Amino acid sequence: MELHNTQSLFIYNSISKKKEKFNPINKGAVGMYVCGPTVYSNVHMGNCRTFLSFDLVFRYLKHLDYKVRYVRNITDAGHLENDGESGQDPIAKKARQENIEPMEVVQKYTVDFHQTMSRFNALPPSIEPTATGHIIEQIQIIENIIKEGYGYKVNGSVYFDVNTFNKDHQYGKLSGRKLEDMITNTRELAAQSEKKNPQDFALWKKASPEHIMRWPSPWSDGFPGWHLECTAMSTKYLGQQFDIHGGGMDLKFPHHECEIAQAEAVNKKSPVNYWMHANMLTLNGKKMAKSTGNNILPDELFSGENTVLSKAFTPGVAKFFMYQAQYRSILDFSNEALVASEKGYNKLMDAYRNISSITTADSSSNDISSWKQSCYDAMNDDFNSPILIAQLFEAVKYINTLKEGKTSITKEDLDLLQQTMQAFIFDVLGLTDITTEASGTNDTLCGAVELLIELRDQARANKDFATSDKIRNDLQEVGIQLKDGKDGTSFSLN
RNA sequence: GGCAUCAUGGCCGAGCGGCUAGGCAGAGGUCUGCAAAACCUUCCACAGCGGUUCGAAUCCGCUUGAUGCCUCCA
């Protein structure tokens, strides 16, 4: 029996603004598309948060025994900073700055993105298509949009006619905007435009002579509009209608709105059943962004080389920190919060490791089955990871009292507890054990520290506390913490 | 300016009308040669003002403050 038959998952649908029971189009299978990064610079922690939010979604769907096809694109064609005539393409800009090919820029930052995701222990998507690999598909969609009467050509460029579309469709339904309001509130743009209306968006842009990335098309040598690639690739790999479309909150408008318009214009039906938007990670109370420089990079976090944090943090701790907030909430990145999460994370992992040393009894003082279901309830409620983590800490408390002999548990319950902890900590949350993560802990070091612990024990037995304290304090200074417990001394690296 | 969202204890963060999460910090305790670590116990909330209700952090209105989108953005 597949788990999704016994667990009912509810997802907050951005378009209805309600939590809805999740029913996939094809029983037992899920199609999910998530907007990936534009690869013209290193991904920052804010970008990572979104991808880790959807990694959690992907993992939980898989855990529920769904067959998931997870498509996440790489935007490797630069798009203009605006639809006007004066925009810059960030990839081309970077290429010029570094005096390399645009595709070298793309390659460099795609590799960086993959390495970063892998350090966070995020699963790779099932398909990771690139925009430049789907130019033909995009051209076909443009032809169809024109044929349907929703696109128009100007000087070798093609634009989507939002006004015409809005006559028989509803432009703005995802982001809750009305076209009339948008027209009323149009900003005064100095630059003249080829567009009939400021709300129209580019499907194809004719390349200016100095523009490097260009492809032939029926209209001009040029490049596709930003919104088009996602429509092309999601349709190609998931069909005209699929289950889940995700992305960062900042893509809701105009990007996702335009995707809906394009797909509806061509396919005559709404492309997505469940829209999911991950909220922003802020720094100093403001959204992290590449352009403003208000951001922190994963490498700066892992190395501790940054101005915001007092020390380095592992990828697992950072991920745990982010999962302590729900994906739809704004989360502020701060030193204090990270430190707090790190302690909690270690506590959780310690307890998990201690499960193996628990002795069992004839009866259990806690109801493991209902606790297990409460873990599912948390995740079933729109992937509420903070509540899941709270539930895991309930188990931590139980494990610790078991260890102290204050409570009891049967063999069966202990196994169930262990399996459930394992499933949620490692499979669903995708966390890694910090001791293996910081695997500077090699045998050589262990041997040396064990020896020092032994010498210290002898000194203590002889009441030579000057020596024993020197060993303890000096080790502390180099970052090794000795921990005296009931059955001997252990150590950890800080 | 327009459209949204949010405001919870010292800090982070759940909560979606009654049973008032969780983590960190603080306090008390157990353990210890002393510590640290670990563990146990525990204090502290719902931006302000009205309203609906037997009952509101939770629903409605107003006020104040913050953020996001309206241009590339996760």
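Bear in mind that the values here come from a model prediction, so they are computed numbers and not experimental data.
You'll find the ring centres of Y376(A) and F424(A) inside the 6.0 Å limit. Separation of the F201(A) and H255(A) ring centroids does not fall under the 6.0 Å cut-off.
Figure legend: cation-pi geometry between R72(A) and F54(A) absent, as NZ or CZ is not positioned both under 6.0 Å from the six-membered ring centre and within 45° of its axis.
Base-pair partner of C43(B): not found among the strands shown (Watson-Crick or G-U wobble, both distances under 3.5 Å).
With rounding to whole Å, K178(A) atom NZ is found 8 Å from A4(B) atom P. Straight-line distance from the NE2 atom of H245(A) to the P atom of A74(B): 13 Å, rounded to whole Å. In this structure, D381(A) places its CG atom 10 Å from C1' of C16(B), rounding to the nearest Å. The distance between atom NZ of K397(A) and atom C1' of A21(B), rounded to the nearest whole Å, is 11 Å.
Residue A325(A) is the one, among A325(A) and L251(A), whose nearest nucleotide of RNA chain B lies closer to the 5' end (criterion: closest heavy atom). Residue whose closest nucleotide on RNA chain B sits further toward the 5' end, between R177(A) and E404(A): E404(A).
Taking only side-chain atoms of N47(A), from C-beta outward, the nucleotide of C72(B), A74(B), U67(B) with the closest atom is A74(B). The side chain of I387(A) lies closest to A21(B), out of A38(B), A21(B), G68(B). Distance from the side chain of E394(A) is smallest to G22(B) among C40(B), C12(B), G22(B). The side chain of T401(A) approaches C40(B) more closely than any other nucleotide in the set C3(B), C40(B), A14(B).
Between the OH atom in Y70(A) and the CD1 atom in I127(A) there is a gap of 12.5 Å [rounded to 0.5 Å]. In this structure, CG on L297(A) lies 9.5 Å from CE on M288(A), to the nearest 0.5 angstrom. We find the CG-CE distance between D299(A) and M45(A) to be 10.5 Å, quoted to the nearest 0.5 Å.
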Q. For nucleotides 23-29 of chain B, read 5' to 3', which letter fits each nucleotide if B means a protein heavy atom sits under 4.0 Å from the base, S means only the sugar-phosphate is that close, and - means neither?
A. SSS----
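Separation of the C1' atoms belonging to C6(B) and C16(B) is 15 Å when rounded to the nearest angstrom. U58(B) and C49(B) have their P atoms separated by 13 Å, given to the nearest Å. Comparing C11(B) with C44(B), their C1' atoms are spaced 12 Å from each other, to the whole Å. Nucleotides U64(B) and G48(B) have their P atoms positioned 16 Å apart, rounded to a whole Å. Annotation: C59(B) and G17(B) have their P atoms spaced 8 Å apart (nearest Å). Taking the P atom of each, G2(B) and U63(B) are spaced 13 Å apart, rounded to whole Å.
In this structure the side chain of N73(A) never reaches within 4.5 angstrom of the side chain of T130(A), judged on heavy atoms.
Heavy-atom distances under 4.0 Å link RNA chain B to F465(A), S468(A), D469(A) of residues 462-470 of chain A, given in residue order.
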For nucleotides 35-37 of chain B, print each protein N/O atom paired with a nucleotide N/O atom at under 3.5 Å, atom names and distance only.
| unit_1 | atom_1 | unit_2 | atom_2 | d |
| --- | --- | --- | --- | --- |
| A35(B) | N6 | D484(A) | OD2 | 2.4 |
| A35(B) | N1 | R472(A) | NE | 3.4 |
| A35(B) | N1 | D484(A) | OD2 | 3.4 |
| A35(B) | N3 | R472(A) | NE | 3.3 |
| A35(B) | N3 | R472(A) | NH1 | 3.2 |
| A35(B) | N3 | R472(A) | NH2 | 3.2 |
| A36(B) | O2' | Q481(A) | NE2 | 2.9 |
| A36(B) | N1 | D484(A) | N | 3.2 |
| A36(B) | N1 | D484(A) | O | 3.3 |

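Scanning both residues, M349(A) and T432(A), for their nearest heavy atoms gives CE-O, 3.5 Å. What you find for V43(A) and C48(A) is that their closest heavy atoms are CG2-SG, 4.2 Å.
Ion pairing between E342(A) and K311(A) holds under the 4.0 Å rule for side-chain N and carboxylate O.
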